[in-house]
Structures are given as C-alpha cells and as structure tokens.
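Structure first, then comments.
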Amino acid sequence: MAYVKFDTPGKGVLVDLTKCVGCGSCSLACKLWNDLGHDDEVPDQGPDAKLSDKNWTAVKFFALEKDNEPVYRFVKNQCLHCQHPACESACFSRAFQRTENGPVVYYPHLCVGCRYCMLACPFDVPKFQWDKSFPLVTKCQMCSSRVDKGEAPACVGVCPTNVMTYGDRDELLAMARKTIESDDKYIKHIYGEHEAGGTNWLYISDIPFEKLGFRTDVTTRPIQEYSHEFLKYTPPVIVAWGGLLSAMYVYTKRRKEVAGKDKKDVPM
Amino acid sequence: MEAQSSKWVFRMTPIRFLLLILAGVAAALAVYRLVVGLGATTNLNDHWPWGLWIGFDVLTGVALAGGGYSVALIAHILHIEKFNVIARSAMLTSLLGYLLVMIGLFLDIGQWFNFWRPFVSWGYHSVLFEVFWCVSLYTTVQVLEFGEIGTEKVAKSWHRLFAKAMPFLLIVGVLLPTLHQSSLGALYLTQVGKLHPLWWSPYIGLFFLMSSFFVGPAMVTVETSLAGRAWKHWVDVKIIRSLQRIGVTVMLMYLILKIWDLFARDAMQYVFAGGLESTMFLIEMGLGVIIPIIIFFIPWGKTRAGLITAGALVALGVIINRMNVVIVGMIGYSGAGYIPSAIEILVTVGLVAGGALAYCFICDNFRILDHQEEQHKVAQ
Ligand code: SF4
Ligand code: SF4
C-alpha cells in the first residue's frame, strides 16, 4: 500500500562490495553535486564514517578476517530507496514520496520536523540538522533530478572501479543473481531484494552482511503494512463506536427519565 | 466558595508561588529553544530523535489526561449520575493536560512555524496523522465543552447554546480519544525489530488504549484527594471506589491480555531474563498493575488512603510504561543511551507546574468542584 501504486519497480543501483577500494570519490561527488558541507567531527569515510545531515553517503572501512587472512572491505552507505518506504508511510505531511522512477524523495517545504521518519526507517537513514535553528531532515535523494533525465546518480558515475551499476531494478536483480551464483566467493544473499519489502539499491558481497554493519534482522514485510494493518480499523471504529456511544447516550438518558417519573425522589 | 461571585480571584500561597516561578523559567527556556533550535537545547541526536518531550509531555501526558474521556463516558454517556461530582474536575484536568501536550508537541518539532502543514498536506497513511488530527480536534472539543462551564460566569448569554451542544460534544469527545490513545501506541508498530519485544507487540495500540482508560479513574482519585485537601471538598469514598472498580476491571483484562500476548509472541523468556529491560518491565507491571489490583481486593482498598495509594501507583505505572516504550525499550537497538538535558527537564517540570496553576485558577473562579445542581441540569 503505497500512496501511489507504480507499475514498475523503477531504477536502482547494484553495489558490488568486493570491488570497492574505499577511495571516497562517490562521497565527494555527492557532496559536490548536492552542495553539502564538510564536518570534521563526523567523517564521511574511514572506520568511523557515518551518515549525517552533511554526509548523505559515507564509505565505512572494515578490517576483517577471511580464511585466516586479514582483509579490508569498504561499504558505501546511503538511503536504500525502499519500494515501500517506511518514511513515506510515517510522514504525516507527505514530505517523503516515492517517485515512479524509483527514488524516494524528500520535500523540505512539507516537513514539520517531527522526526517520526527517522524512527520509522528500518535502516536509520534520515538524519536531522541538529545544529540549525530551523532544522530539516536530510537524506540521499538518489539524485532524482538526474534519474528523471535518464542519467545515473552522481556517485555512480565517478566510481573508478565500477562498484555500482545503475539500471532497472529487475535487470539489476537478475544480474546480481547471476553474479553470486556463478562465483563461489559471494555470499548467497542479495541485500535489498527482500529487506523491508525490497529496496532499489541492492548489495552483493563476499563477507556476511552482518559483519559489514548491515542490519540483517530487518523484517521482509514492508513497514507500511504494520501501520496499514492498524489504520484500516479507523473508519469502522468511528462508525461503530460513534454509533454505539450515541445509542448508549440516548438509551441511558431515556431510561433515567422513565425512572425519574416513577420515583421522583430517587437519590443520586 | 468564591466561585459563585463574578469577581476574579487568585489566592497566592507559597506553593502557587513556587509553581509560578517554575512555569516562568520554563516559558523563558521554551522561547530560547524556539530560537536556537533543538540540538542546542536538548540531548537528542540522530540515535535518539525522540526523547523526554515526546515520551513524557506527549505520550504520557495524553494517557494521564485520559481521565476526561473515561469519566465522561461513565458519567455523561452512560448517565451514571453519582459520578457527576467528579466529572467536571476530571474533564478540566483533561483539557489542561491536552493543552500541555499541544505545547509539548509544538516545542518538539523542528519546523514549528510549519506545524499546520499536515492540515493541508494529507499524509493519511501515517499513524501520526491520526494522532495529529484527533489530538487537535479533541482539544478543540474540550475547549468547547469547557465553554459550558465558562459561560456560567462570562458571556452568560452563550450558555444555553453551549449546553445544547453538550451531548454532541460529549460523544465526539469520547470517540476521538479512543482513536488517538490507541494510535499513540500504534506509532511504535513501525519499530518492529527495534523496540524490545517486552513492549513491541502487534497489540501495542490496544495496550495503550486500555491503559489510558484505566489510568483515568486512578488519576481522578489522586486529583480529587489533592483538590479535597486544597478546597475542603471531599468526594465520598464509595464513589471513588466504584469508579476504581471500573478501572480495576479493565486493568485485570489488560493483565491477562498482556500475559497471553507475551506467550503468543514467545517473549515470556525476557520477563525474568534480568538486565535493564526485564527489571523495568517488572517494575512497570508489579507497581503499576499487580499491586494496585491486590490493594483493591484487600480491606485497605476500601479506605480512602488505600484507594489513593492504588491510584497513585497506577498513574506511576503508566508513566513508567510510556517511558519504557520511548526510552528503555529502545536502548538495546540504538546501542546508545539518552538522558534528557537540564533544559528538557525544566521545561517539562514547568509545563506541569503551569497546568497545576491553571487548574487552581479555574477552580477558584468557576464551578468545578461545587456544582451538583448545574451538573444535574446538564446531564438531563
Ligand atoms: S520529520 Fe518531516 S519528513 Fe519526517 S515524518 Fe516528520 S514531517 Fe515527515
Ligand atoms: S545517489 Fe546522489 S544523493 Fe544519493 S549518495 Fe549518490 S550522489 Fe549522493
């Protein structure tokens, strides 16, 4: 149950984590394209890299072990652009809307700043401008203006090792499946295929996702459905309960009047 | 009582003076917060987007103010007349409670000048949308309901009109809280896998609704005892007890449902698992539900002191429950902790103080506690 049902899953990006060398170009390109500032306290790359209001994407370094050998992996994070976005269903003023082409776009002028979207997002993506007087929520917009023109997002284009492939989500899924099936080194899991009901950014990896900071316990049922499950009872409850209340009001009042006639001095 | 005269009175006592100072400090801090923003004044951050103001001022405030709707339902819709003596003060507390909730919400939103946006940009698929509409409408309804009391003293010519509108207002005024008390809990449905299983449940909406209902009689008990002391207006113990009987019945159902739900979701294992979550859960259920039920059934529960104690425990239990949902139950997922800043705490304290002052002022000037005859007229 999205606001608008789209026929196509839209565009997406497939990220092959085995190819990333952690150069940080994507993050820089994102900052340039979206005119984001820099924050010394919250790095956008390295072991402590984090998403923030200024880092719409961040490349986090992981030092791990594989077959008793030390290995390094670099994970680019950003909004996953859910097919059934929790933020969209959480926002009570429609500041988040999933578009036909796939990106989930945030419209600042509609935002009230209640931060329920931050709570609702199963991937903890939306961030808040805590240091502003009139703060907004921020997150990767999948460069929706570029996507609308048929261009790949800014970060995708600059990657020197082709970690990211931009295209139709269903084609990317097929490609991802082929890759992980034809090469044993890959974990047999396409992150984003089912998570939270499916996302438009997909990941494949040779290291288990939970070791790379991914949340693997997230429900495969779209978060939207949990709210919908509850809200669908609202109209019947209004009608039934409202009717019952009115009926009880009239009935008990009438009963009291009748009783009052019989026995004028009823103690109350 | 001064209430009958048309002069305005406000007796100053040391306690009221203290409340006035607290409210004044909070007002100044609130203005400061609106100017400099949330990051500078609260301990909220990206890990803790919702804290004390949502948890206490809004979620808890709305539940505690629930006394209005459960008592309105019992006294005015079911026409159980013996409860009329407490109906007005219960509904007044509720009105003030909601006004405080509105202020709390307003302070908590980042784009506060944009607060009206959801009225025109309909995010109707959001549970928060239901909360927002219901709380705004209900506060309006309560202000109108108060109009019936207010016009006894000012703008008297409007009184008949307000009295005429009461049945409709009362019905809407019970309907709306039923909706948003449950949707406040349902806000946390999106926290599947985040909120600790002791609190996350597909029935969290129902749990919020039931607890907001039974905390009503409990709050009324506590409040009438306080008012009794201040205005020498003692409500008969029998009335309080039969009101609490209704609360205890719902509380028993709540307890059974809660246990069933824990078994059904295989979450019983967490109850005695030790650690912060299970301790807080046991305190919440033990102090707030089980002990009050026991008190009610032992002889002490027939005395004023016993009933007041039970009522206070129930109210405390609901406060702990809401804070558990907003804070304790989220610590495990977030991995971080959250302690409200001094400003957050002072503003919350000041809001409550302001509410208490307003209650005193209205009781001094309108017929809230001493109004039997009027109540009979309206209720007929
Ligand atoms: S913070 Fe803004 S975008 Fe997020 S749910 Fe609230 S109004 Fe919507
Ligand atoms: S898609 Fe655009 S906004 Fe998102 S991370 Fe890439 S460059 Fe930044």
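Contact annotation for residues 185-192 of chain B against chain A (heavy-atom separation below 4.5 Å, listed by residue number): B:A186, B:L187, B:Y188, B:L189, B:T190, B:Q191, B:V192. Inspection of non-hydrogen atoms places A:L231, A:T234, A:V237, A:I238, A:W241 of residues 231-241 of chain A under 4.5 Å from chain B.
A:E88 and A:Q224 share a side-chain donor-acceptor pair at under 3.5 Å. With no hydrogens or angles considered, a side-chain donor-acceptor pair links A:H189 and A:E195 at under 3.5 Å. B:N43 and B:E344 are not linked by any side-chain donor-acceptor pair at a separation below 3.5 angstrom, with hydrogens and angles left out of the test. A donor-acceptor contact closer than 3.5 angstrom links the side chains of A:K31 and A:N55. With 3.5 Å as the limit, one finds no donor-acceptor pair spanning the side chains of A:W56 and A:D44.
Only the side chain of B:F113 comes within less than 4.5 Å of a heavy atom in chain A; its backbone stays farther off. A:A86 does not touch chain B: none of its heavy atoms, backbone or side chain, sits under 4.5 Å away. Contacts between A:R221 and chain B at a heavy-atom distance below 4.5 Å are absent for every atom of the residue. Of the atoms belonging to A:L136, heavy atoms from both backbone and side chain fall under 4.5 Å from chain B. In this structure, the portions of A:S246 lying under 4.5 Å from any heavy atom of chain B include both its backbone and its side chain. With a threshold of 4.5 angstrom between heavy atoms, B:L44 approaches chain A through its backbone and through its side chain. The contact between B:V35 and chain A is made entirely by backbone atoms, counting heavy-atom distances below 4.5 Å. A:K132 touches chain B through its backbone: at least one of N, CA, C or O sits under 4.5 Å from a heavy atom, while the side chain does not. Contacts between B:Y333 and chain A at a heavy-atom distance below 4.5 Å involve the side chain alone, from C-beta outward.
Residues satisfying the salt bridge (Lys or Arg N to Asp or Glu O under 4.0 Å) test with A:E100, not counting sequence neighbours, are none.
Of the listed residues (A:E229, A:M248, A:R255), the one with the most heavy-atom contacts under 4.5 Å to chain B is A:M248. For chain A, the option among B:R117, B:M330, B:R33 with the highest count of heavy-atom pairs below 4.5 Å is B:R117. Listed options B:P202, B:A40, B:S183 were ranked by heavy-atom pairs under 4.5 angstrom with chain A; first place goes to B:S183.
Two rings, from A:Y249 and B:H79, have their centers less than 6.0 Å apart. Taking the six-membered ring for Trp, A:F92 and A:Y116 have ring centres at least 6.0 Å apart. Aromatic rings from A:F134 and B:W112 are positioned such that their centres are separated by under 6.0 Å. No close placement of the B:Y124 and B:W122 rings is indicated, their centers lying 6.0 Å or farther apart.
Remark: A:D217 engages A:R215 in a salt bridge, criterion side-chain N to carboxylate O under 4.0 Å.
Aromatic ring orientation, A:F96 versus A:Y106: tilted (interplanar angle from 30° to 60°).
Cation-pi geometry between A:R94 and A:Y107 is not satisfied (NZ or CZ under 6.0 Å from the ring centre, within 45° of the ring normal).
Note on residues 51-63 of chain A: pairs passing salt bridge (Lys or Arg N to Asp or Glu O under 4.0 Å), not counting sequence neighbours, are A:K54-A:D131.
Side-chain atoms of B:M102 and B:V135, non-hydrogen and from C-beta on, do get closer than 4.5 Å to each other.
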